Amino acid sequence: ILNVEQSPQSLHVQEGDSTNFTCSFPSSNFYALHWYRWETAKSPEALFVMTLNGDEKKKGRISATLNTKEGYSYLYIKGSQPEDSATYLCASSGAGSYQLTFGKGTKLSVIP
Amino acid sequence: EAGVAQSPRYKIIEKRQSVAFWCNPISGHATLYWYQQILGQGPKLLIQFQNNGVVDDSQLPKDRFSAERLKGVDSTLKIQPAKLEDSAVYLCASSLPIPNTEAFFGQGTRLTVV
């Protein structure tokens, strides 16, 4: 079973601030890295799926990078808004596997 | 496109009682997952189905947990008897039968065992 670590555990930022979180994962037998956003009382929503070293993906004000050689991914949020408040989960999977191994998540609170 | 449907949303039971959760995946999604998310931890895979067959149930506590997907569509997860440590959010997800593809989650069932 892969061990996925996320930091920080929680984060409070002011509206308008930019922020970033880290996800680290074992680089051996790595195939894909998934980021999800989970708002309270809603379903976890997929943000990105990345597989290649050096991948960078962007969706609006949110972007993510991937380093498979050193086993980490960063998620960036530019100009945080209150609606960005959620728990951000990353999950890693191995080659040919359907199974996602999740980190504990980073809980982001954006203060208006 | 309709999402993954789960019911109930919330359930409170006493320890040693039984409980069942239901999941209806997205139409056409052959792969279905049940995850358990205990407060402060990440979601943990309990069981994965491909159509009506079990692909992985290595982390399912089989002495008390069971799951089925008889017709390859809807699925039920049962706990009998429940323990206090089973208090968690139970998430159902579905995906196309392609490794490492995006999984779509339901809203989950929050179970409290008292």
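Below, read A as the first sequence line, B as the second, and so on, with proteins coming before strands; counting in each chain starts at 1. In this text, all values refer to a predicted model and were calculated from it rather than measured experimentally.
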Can you tell me how far OH of B:Tyr33 sits from CG of A:Leu100, rounded to the nearest 0.5 angstrom?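 Interatomic distance, A:Leu100 CG to B:Tyr33 OH, rounded to 0.5 Å: 6.5 Å.
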State the CH2-CG distance between A:Trp38 and B:Leu91, to the nearest 0.5 angstrom.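 The CH2 atom of A:Trp38 sits 4.5 Å away from the CG atom of B:Leu91.
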Minimum heavy-atom distance B:Pro43-A:Gly103, with the two atoms named: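 Smallest heavy-atom distance, with atoms named: CD-O, 4.3 Å.
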If I compare all heavy atoms of A:Tyr36 with all of B:Glu102, which pair ends up nearest, and what's the gap?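 For A:Tyr36 and B:Glu102, the tightest heavy-atom pair comes out as OH-C, 4.3 Å.
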[atom1] ([X]) with more than 12 external heavy atoms under 6.0 Å:
| X | atom1 | result |
| --- | --- | --- |
| A:Gln9 | CD | no |
| B:Ile12 | CD1 | no |
| B:Leu84 | CG | yes |
| B:Lys78 | NZ | no |
| B:Gln41 | CD | yes |
| A:Lys69 | NZ | no |

Would you say A:Phe102 and B:Leu45 make side-chain contact, with heavy atoms under 4.5 Å?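 They are not in contact (no side-chain heavy atoms under 4.5 Å apart), so the answer is no.
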Contact check, side chains of B:Val4 and A:Ser43, non-hydrogen atoms, under 4.5 Å: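 They are not in side-chain contact.
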Let me know if A:Phe48 has heavy atoms under 4.5 Å from chain B in its side chain, its backbone, both or neither.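 Neither part; nothing is under 4.5 Å.
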Are [X] and [Y] linked, directly or through other ILVMFWY residues, by side chains that come within less than 4.5 angstrom of each other?
| X | Y | result |
| --- | --- | --- |
| B:Tyr35 | B:Phe65 | no |
| B:Val73 | B:Phe49 | no |
| A:Leu11 | A:Val110 | yes |
| A:Leu52 | A:Leu33 | no |
| A:Trp35 | A:Tyr74 | no |

Taking heavy atoms only and a threshold strictly under 4.5 Å, list by residue number the residues of residues 105-114 of chain B that touch chain A; give 'none' if the list is empty.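 Expected list: B:Phe105, B:Gly106, B:Gln107.
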Can you say whether [X] sits under 4.5 Å from chain A via the side chain, the backbone, both, or neither, judging by heavy atoms?
| X | answer |
| --- | --- |
| B:Ala103 | both |
| B:Thr101 | backbone |
| B:Gln6 | neither |

